[in-house]
Amino acid sequence: MSMMCPASRMTRSDEDRDIGWDAWGPWSDCSRTCGGGASYSLRRCLNGGSCDGKNIRYRTCSNMDCPADSGDFRAQQCSAHNDIKYQGVTHEWVPAPYDPSAPCALQCQAKGKSLTVELAPKVLDGTRCRADAFDMCISGVCQEVGCDRQLASGAREDNCGVCAGDGSTCRLVRGQALPHLTPEQSQKTVLEVPVGSRFLRISAKGPDLISIEAVSLQGRKEETSLVSTGSYVIGNTSLDYQRVTDRQTLRTHGPLNADYIIKMKYGGSKGTVVQFLYYQPIRYQWRETDFFPCSVTCGGGYQMNSAECIDIRSNQTLSEHHCNNYPENTKPKPKLKECNMDPCLESDGFKEVMPYDHFQPLPRWEQGPWTQCSVSCGEGWQERSVLCVEEDTHGQFSQVEEWKCTHSPRPVIQQICNTFACPQWVAMEWSQCTATCGRGLRYRVVLCIDHRGQHIGGCEASLKPHIKEDCLVPIACHRPRESLPVEAKVPWLKQAHELEEHRTATEEPTFVPGPWSPCSTTCGFGRQTREVKCRVLLSFTKTEVDLPEEECGKDRPQLERPCNQGLCPKVPAISSGIQDHGTPYIQTEELYSWDYRGFTACSATCAAGKQTAVVRCVNRKRGEEVEDSQCDSSSRPPVMIRICNPEPCPPRWEVTSWTGCSASCGVGIQTRSVFCMRLLSMDQQNILTVSEEECREFKPAILQPCNQVDCPPAWETEPWQHCSQSCGGGVQVRKVYCKQLLSTGAYKRLGDKACWGQTPATNRDCSNIDCLPYIAGGEWGKCSVSCGLGIQRRELLCRQLMATGQQVTLNRELCSGLPSPPLKLPSKSRGYEEIKQCPHLIGVHHIYIQTHKAKRLQLTVGGHAYLLPNTSLVIKCPVRRYPKAYIHWLKDGHPLPNSKRLSMSKSGSLRIHCLGAEDIGVYKCVTGPASDIFTLQLIGSDSRSTGRPSTTSSSPNWEDMLPTCYSHYSYLHGIWPGVSVILLPPGNRIIYNIGTTSVHYTVVGFNYMTFCSLSLRLIFPTDTLPNWSEHSSVDRSANKPVIHRQQQNLAVTFQKNINVSIGHRILLTNATRSVTIRCTAEGFPPPKINWAKDGALLSYLCVQNSYILSVLFFFFTFGFAEFGWRFGDWTTCSASCGNRGTWLRRIHCVNLDGKDVQPTMCQHIPKPVTSPVPCNRQDCPPRWQASEWSKCSASCGSGWKHRGVSCQQLDARGAVRTLTAAACERMSQPADREQCTANNCPTWVTSPWGKCSGRCLGPTTTVQKRSVLCQHTNGSLYTDCDLKDRPVSVRNCSSDLCDVQWRPGAWRACTVLCGGGFQSRRIDCVHRRSGRTLADQHCAWLQRPSTWQHCNNTTCGSECKDSTQYCSVVKRLNLCYMDLYKQRCCGSCSQDADST
């Protein structure tokens, strides 16, 4: 039994069952076992052969391909007649060539002969009508078969070879290549075409030859050179090759069964242009998987499939991102089907379980559209969102956890895009200078070249190299003289020039038109043309030079114009053409005369060619042509020309001439313009430029290489490097190479001997100027100490580095004002006891003031503390390079005994428990040769006002109280005459400068007023203590300067003028107008008293209307100090208004004369810290204040963004007040909105309208459809386009196919003679105009007339007889017991009754 395929499309559907037909019979065996056959089914007409419709239907079967060695089916039928003699002779028969008039007749040809015979009127069913189509012959009629092997399906293969496909599995690849072959490089690969490609076409113009290397998937290679025209089989693929002079064409329908590597072999010096076109299959494609197992084993379930990404070359499954990289690929949606519908078994038999009415598919990944690529070229990224969604029984989707989708791989969310290189500007070589002397211009071509080497747009305009520049020819120019003055010119020539539009070249590029040509006709209407050139006038030589047209802009004068030569004279017997010779052109009554005898062939096949009338000398009597010498030449008629073939020529490519080569060697580029044009008029050269799509041939190349020869070796130098020094003579170096530019564009590095000429210098002198003078230090002197950190000094010298590189010493005055290196350098000598460095005691020289109660405080030695009683105190003594166990403490010069209140920790810290009046005093921490003190006083004790320490201790020995260390403080003993006290403005630090030693004090928790009142208490707590200026371990005589201070009392006074001594504390009020501060000092010689405010020397002090005295401390200078910090002027206020303006005092380093010196001279003294002081605290003028811009109102496309703009004012308190707009009217108001642009919006994209062949809606009216998609510019699909703007996808159209009608036939005979029967008729759908019968669906929109009706409804009387022709069947089936059949078959049924 032949193999049968599932039921396929039939010629008539199962619905064509009209009354009177029996049921369809079974399908016959297939006419073929493979290759596509036909099967039929029959039915019987039960109505006496007058049934409506056909009794046979067909379907295709056995659609699988036959084995390769089975042969052609038609050839088998021809060879069956080989043993049958034809006209007495046997022949070997083969199929004859295809005959479209009889495609289904068995026409065979005797092999090797021209004899063709029809051996049978029709071939067997299933035979192909022709070899290159699926159409098959059935019952002698060629039936249309689609590529799906189904009858009348209309399915066709797309360009990718997919049946009924949409072309998404392949891509069109087209382009061109320039091999640039030379005798040395005689072969080059120009193209690689992968296996499976279709419709390959290659065209090569030039002398080089095409060679193909075929590589099979198994790696087997074969190479074939195409030399002569013919058919070739390369890589198991047939192809056609044609070769004519300098042109080769290769074509194959495909698909290729191997990879093709197209090569070009050298055939001559002329360049070859290769153009190609083919459809390349997408390597990674989606393929549906098999269905997954059923969800249940019985009772009805569902199963689904998926899709996987397949490499069609290796047939391997890959990750999905390979397929997602191709936008043409669309992943098939999962399919669902029912399964295991059998009922489930139970112990008591079968229990039927109904299949589900609704099923719930598995959760799946939902992918969003790809975003636009981050860059348009040069490799960017694009992303998309991926969600796991689930569909419920109502068809609604919701997001679920991602683990529910793990049954399928998660799609990638990021991919690379636009990997090709960005277009770049390519500049050609400069032209020659337009001038032969003096200044001129030179030009070059600048092209935007993409990654394929094609000249396109897309380059950044701002980066385009300039195309013209000035040039100078070093030859003197001589201005030519006018040969004749204007007045001496011919008058009529001058008038003619004035009448004619005349333009001359100027120094700017200008279009200069030439003279008009004569009119194209001697009579009637014609055309005049002229030449227009872009020219420029060179001012030095007064000569004009041609330029490229783009230099003159777009306002080019017209190139042609109409002209009228007047009415043409009527030529006898010629007005109606050559057919009407009529009367010849006769000027005399002689025997011979001239006559027109036809026209010459048309000069062009299109675009208005010309034909010239042929003039012959004829014998008037005989009408025969004779020699022209028989006629009078003076009477020869005028030449007559007529237009022929006036229709425009088809579009074709037009090219300009190649430009000059951009390089003289290496590899240059020549360019030309290529445009698609239609020639409208051959005579007038009227050309119409049209779209490039209208030219069907391959576009000629716009670039070609030139001067592909190796350049001679030449020296190449790199730029000079920076000079080794900026003055005093330096050296510059650079690298020099010998290189050669090859014809491939690459550089080849050669040895130095390959380059001719002298080698360029690799180094040169630079910066040959004298350096500026500078201060340098001499040799360092001896260290000031024998251990620890001491000082070294040196002498300063004024030096200068000369241009020759020599150092010279100059006069010191030449370096005045220049920065100098340090004169002193800390140096380390041998350590303590020659094995260690000196101990380093780290004291913190701050003043501490306790403002709130605390149980315990930790302070560091070196400070001065004012603490509250009953506070526990820990005084730390940090020291380096000294054992902690050897630290000991002194109080007021006496050793401290251990007790419950006084103790020492293991780290050497002193602990005092619950401070009392007896703890007031000076504590000293001794660490070997180093020591430091800590002064302690109580707040609120009796000693606060008296300033006296506890009486329990004797007067301290100030020598023991002083801090000592060989390395740090040993120099204090000799500098008491130079004690200086610096008191700073309100802040948190006070600095005492004693020589070069600084003691820092910190005020904790004090406000401005309290700090003022304690200004001098912090320095000298009691009157019993001497001044710091009186301290000396050498001599305490009265010869040293002494300041006498009065008792310090805190008083509030309301006097206008206040007199106070130094050391007093006062509080000022609104009534205070002036303050006088007295300072009494004595010594020998009498000390000079200087007053300073904030570090600046004062001549007077006046304070008016101040709540608080701004000058808190004063600077007293006794003796000399080498260097010190001094407060200078104020900085610029940080704000011009409002409440945030502050300024600071600048701090300068000064010497004994008060002159500013370099800050490095004071670096050994801690720099004072200044605090910001308020300034410009006043209301700001009103001004406009704008808030941040809002987001763009549109998520894509053009929109608006807004912001708030108000008139505001900042007052002196820092508050912002909003005012009316009128307050800011003097200032321009900022815009409160501006236009913004977001990403490009997705838009509705429509496909072309389909055929007008839809369902008919009325006479001549049907529908046509098109697809409407919401698509982004990058090709991604969206769903958020505005539905209001959606274009229609269906529209009515006019079609002649809908001009149809139902045509009823005649009624057939009634089925009975009486008793009520029925009769039928045939109803056909026919075309109104042609009357051709159509399929019923073409008339479906019309109401179909009735095909049957009742008839012979009269009663049959009392006679018992049969009233239907089916009574024999009723009798045979024993149906007479039923009343209906018993009544209608009365005769037959009564016979049965009589027999019984």
Sub-4.5 Å side-chain heavy-atom contact between [X] and [Y]:
X: Ser211; Y: Glu223; result: yes
X: Val1288; Y: Arg1266; result: yes
X: Val123; Y: Phe73; result: no
X: Lys111; Y: His91; result: no

Take atom [atom1] of [X] as the centre, draw a 6.0 Å sphere, and report whether it contains more than 12 heavy atoms from other residues, nucleotides or ligands.
X: Lys205; atom1: NZ; result: no
X: Lys122; atom1: NZ; result: no
X: Glu647; atom1: CD; result: yes
X: Asp290; atom1: CG; result: no
X: Glu118; atom1: CD; result: yes
X: Arg313; atom1: CZ; result: yes
X: Phe291; atom1: CZ; result: yes

Practice problem: Show your working on salt bridge (Lys or Arg N to Asp or Glu O under 4.0 Å) between Arg678 and Glu694 and close with a plain yes or no. | Solution: CA-CA 10 Å; Arg678 294 193 70 178; Glu694 298 189 24; 5.0 Å; no
Using atom types as modelled and distance alone, determine if a side-chain donor or acceptor of [X] lies under 3.5 Å from a backbone N or O of [Y].
X: Arg1321; Y: Ser1346; value: yes
X: Asp125; Y: Ser31; value: no
X: Thr252; Y: Leu200; value: no
X: Arg198; Y: Cys160; value: yes
X: Asp22; Y: Arg44; value: no
X: Arg149; Y: Asn63; value: yes
X: Gln77; Y: Leu124; value: yes
X: Asp135; Y: Val145; value: yes
X: Trp653; Y: Glu697; value: yes
X: Thr1262; Y: Cys1252; value: no

Quiz item: Is it true that the SG atoms of Cys129 and Cys137 are less than 2.5 Å apart?
Solution: no
Self-check item: Cysteines Cys649 and Cys606 with SG distance under 2.5 Å
Solution: yes
Does [X] have any side chain to side chain donor-acceptor pair (under 3.5 Å) partners at least two apart in sequence or in another chain, and if so, which?
X: His322; answer: Ser319
X: Ser1267; answer: Ser1247
X: Thr169; answer: none

Self-check item: Test log, rule disulfide bond (SG atoms under 2.5 Å apart), inputs Cys142 and Cys104
Solution: CA-CA 6 Å; Cys142 184; Cys104 291; 4.9 Å; no
Practice problem: Could you note down all residue pairs passing salt bridge (Lys or Arg N to Asp or Glu O under 4.0 Å) where residues 1323-1333 supplies at least one of them, sequence neighbours left out? | Solution: Asp1296-Arg1329, Asp1299-Arg1328, Asp1299-Arg1329, Arg1322-Asp1324
Quiz prompt | By side chain to side chain contact (heavy atoms under 4.5 Å, CB included) - contacts of Ala96 (at least two apart) | solution = Gln107, Gln109, Thr116
Practice problem: Return the set of residues passing side chain to side chain contact (heavy atoms under 4.5 Å, CB included) with Ser306 (not counting sequence neighbours), or none when no residue passes. | Solution: Thr289, Phe292
Self-check item: Heavy-atom closest contact (Leu318 atom, Asp311 atom, distance)
Solution: CD1-CB, 3.8 Å
Quiz item: What is the minimum heavy-atom distance between Arg32 and Gly35, and which atoms define it?
Solution: NH1-O, 3.6 Å
Practice problem: Output, in order, the C-alpha distance, side-chain angles, deciding distance and verdict of disulfide bond (SG atoms under 2.5 Å apart) for Cys147 and Cys163. | Solution: CA-CA 6 Å; Cys147 61; Cys163 182; 1.9 Å; yes
